[in-house]
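If you scroll down you'll find the structure; I have some questions about it.
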Amino acid sequence: MQATATTRAARGGLDLGGTKIEAVVVDARNHILASARRPTPTNGGPAAVAAQLAGALTEAAQSAGLEPAALKGVGVGSPGIVDTASGTVSSARNLPDWDGQFGLGPALAEQLGTPVFVGNDVQVATDGEFKLGAAKPYRSVLGVFWGTGVGGGLILNGKPWTGRGGAGEIGHIVVEIDGARCGCGRRGCMEAYAGRASMEARARRRVEKGTKTILFTLMKERKRTRLTSSIWAKALERRDQVATEIIDGAIRALGAGIASAQNLLDVEAVVIGGGLGVRFGQPFADRIAKEMLPHLFNDEHPPDVLTASLGDLGGAIGASLLARNSRHNAS
Ligand SMILES: [Zn+2]
């Protein structure tokens with residue numbers, strides 16, 4: 001295929017999740033030319049993950065009529081602690097056998113033949129919403145990604161705030177001292193009440209105590225191994241008591257935790273994304289806003305609370321922005 005002005009400036013974006021990898025190829029105006037999805041490998045460690053990422057991106061590029069090496073660059077949103085300068089990732093606990101540091105950026109650059117830029121997954125998703133999505137009208141934004149865990153990203157006065165690399169961990173804001181055990185090992189974190197993994201564990205304990213729920217029936221019917229966002233949504237629709245109580249508790253925790261962050265930062269808008277956030281949509285963003293109110297010190301001026309508008313591909317689209325200033329192939 002003849003390279004056109006559009007495809008010459010095409011970039012790749014990869015979102016590395018705990019269960020799946022999303023890849024996109026976008027043009028100079030950030031329109032999606034092609035996408036691909038693959039499961040995250042469950043064994044084989046970082047090298048297997050890198051190979052799968054390269055495979056997904058190659059598939060997306062070829063669907064767009066391009067080889068990966070023809071791309072201006074590729075951005076990756078990764079969990080864990082990311083060193084953006086070197087492209088290394090460490091402490092990626094949701095990924096298989098990811099002990100110590102791994103040079104994800106250099107490994108991918110070699111396989112793809114184009115520059116690769118690595119950023120924190122939640123921060124790049126927040127950047128995506130800020131530059132292209134629901135948060136476009138605002139200068140200061142808190143992104144809250146409500147999924148398996150609860151991640152946070154910050155834009156303050158138009159610029160990403162990453163602290164010393166560990167900022168934005170809104171899931172571990174304490175909403176109850178000595179409260180429920182969190183996946184991080186501490187107690188009372190917002191994520192211990194609102195994260196999908198914690199909610200699932202809570203539902204299992206209720207079942208073990210003899211409480212009836214359709215949650216796990218739905219899971220088996222759909223041949224799933226975990227309670228996905230759509231299973232929670234369906235159980236709520238059917239007015240399942242356990243699902244309703246657990247989600248109500250999650251929304252109260254999100255209200256308290258996000259309001260506490262707001263009391264500190266006073267951002268203009270909160271964008272709710274992630275698997276559950278996107279699935280539940282604006283009615284639940286409105287419920288979170290309502291639960292925030294009693295905890296807001298400045299309750300006369302609450303922030304706007306909106307659903308992420310880039311949807312499931314928001315993480316990959318946000319990651320593609322990392323490669324926007326790449327000079328590779330520039331002529
Ligand atoms: Zn925690």
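Counting convention: from 1, in listed order, for ligands and their atoms alike. Throughout, numbering of the chain's residues begins at 1 and tracks the sequence. Please read all numbers here as calculations on a predicted model, not as lab measurements.
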(message) Per the side chain to side chain donor-acceptor pair (under 3.5 Å) rule, what does the pair list look like for residues 41-54, sequence neighbours excluded?
(response) none

(request) Provide the protein N, O or S atoms situated under 2.8 Å from the Zn ion (ligand 1); waters are not included. (result) His172 ND1, Cys182 SG, Cys184 SG, Cys189 SG

(message) Students often mix this up, so state it plainly: with edges at 30° and 60°, are the rings of Phe280 and Phe284 parallel, tilted or perpendicular?
(response) parallel

(message) Between Arg287 and Glu291, does any NZ, NE, NH1 or NH2 come within less than 4.0 Å of an OD or OE carboxylate oxygen?
(response) no

(message) Under 4.5 Å side-chain heavy-atom separation, chaining through any Ile, Leu, Val, Met, Phe, Trp or Tyr, what else clusters with Val271? Say none if it is isolated.
(response) Phe130, Tyr138, Val141, Ile155, Leu306

(message) Just so I know, are the side chains of Leu53 and Leu104 near enough to count as touching, which here means a heavy-atom distance under 4.5 Å?
(response) yes

Tell me which donor-acceptor pairs under 3.5 Å the side chains of residues 205-221 have, and how far apart each pair is, sequence neighbours excluded?
unit_1: Arg206; atom_1: NH1; unit_2: Glu245; atom_2: OE1; d: 3.4
unit_1: Arg206; atom_1: NH2; unit_2: Glu245; atom_2: OE1; d: 2.6
unit_1: Thr211; atom_1: OG1; unit_2: Arg206; atom_2: O; d: 3.1
unit_1: Thr213; atom_1: OG1; unit_2: Leu215; atom_2: N; d: 3.1
unit_1: Thr213; atom_1: OG1; unit_2: Asp240; atom_2: OD1; d: 3.2
unit_1: Thr213; atom_1: OG1; unit_2: Asp240; atom_2: OD2; d: 2.8

